[in-house]
Amino acid sequence: MSDREKNIKSVQFSAFPEENPSPSEMRTIDLLLDIPLQLSVELGRTSSRVKEILEWEPGSIIEVNKLAGEPVDVMVNSHRIARGEVLVLDENFGVRITNIASQRERLTRLK
């Protein structure tokens, strides 16, 4: 083992506080506000054979394993950060956020 390998130590990080950020921390957070994130809402899941998928056309209906009115997961970069309910707004769908994971839960899921 070389001298360099003997001096390697594991890093210890302190836990994030559960309180509101200070003004100086908010300025630091402002640096991250323009980072794009992938947001997705999973309405349900199903499985199909390749033959069935190749037969899809506009207007095809795909049945999923959720019932109307069931809560949906709101995902950011494949991590659940909130739950919501599906709404119809004019002719579009939307999601009303009903529950947001705590800061600790969100940080734990990113590990």
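Just so it is clear, the structure is predicted and the values come from calculations on it, not from any experiment.
Going from atom OG of Ser78 over to atom CD of Gln38 covers 6.0 Å, rounded to the nearest 0.5 Å. The line from NE2 of His79 to CG of Leu37 is 11.0 Å long, rounded to the nearest 0.5 Å.
Looking at every heavy atom in both residues, Arg83 comes nearest to Val74 through C-CG2, 4.4 Å. Summarising the geometry of Thr46 relative to Val64, their closest heavy-atom pair is CB-CA, 4.4 Å, with the distance given to 0.1 Å. The two atoms that bring Asp73 and Arg80 nearest to each other are OD1-CD, 3.0 Å, heavy atoms only.
Heavy atoms of other residues, nucleotides or ligands lying less than 6.0 angstrom from CD of Glu55 number more than 12. Within a 6.0 Å sphere centred on CG of Leu33, heavy atoms belonging to other residues, nucleotides or ligands number more than 12.
Counting heavy atoms from C-beta outward, Leu87 and Phe93 have side chains that stay 4.5 Å or more apart. Using a 4.5 Å cut-off on side-chain heavy atoms (C-beta onward), Ile81 and Ile100 make no contact. Using a 4.5 Å cut-off on side-chain heavy atoms (C-beta onward), Leu43 and Val86 make contact.
Side chain of Asn65 to main chain of Arg45: a donor-acceptor pair is present (N/O by atom type, distance under 3.5 Å, no hydrogens or angles).
No chain of hydrophobic side-chain contacts below 4.5 Å, direct or via other Ile, Leu, Val, Met, Phe, Trp or Tyr residues, connects Ile97 to Leu89.
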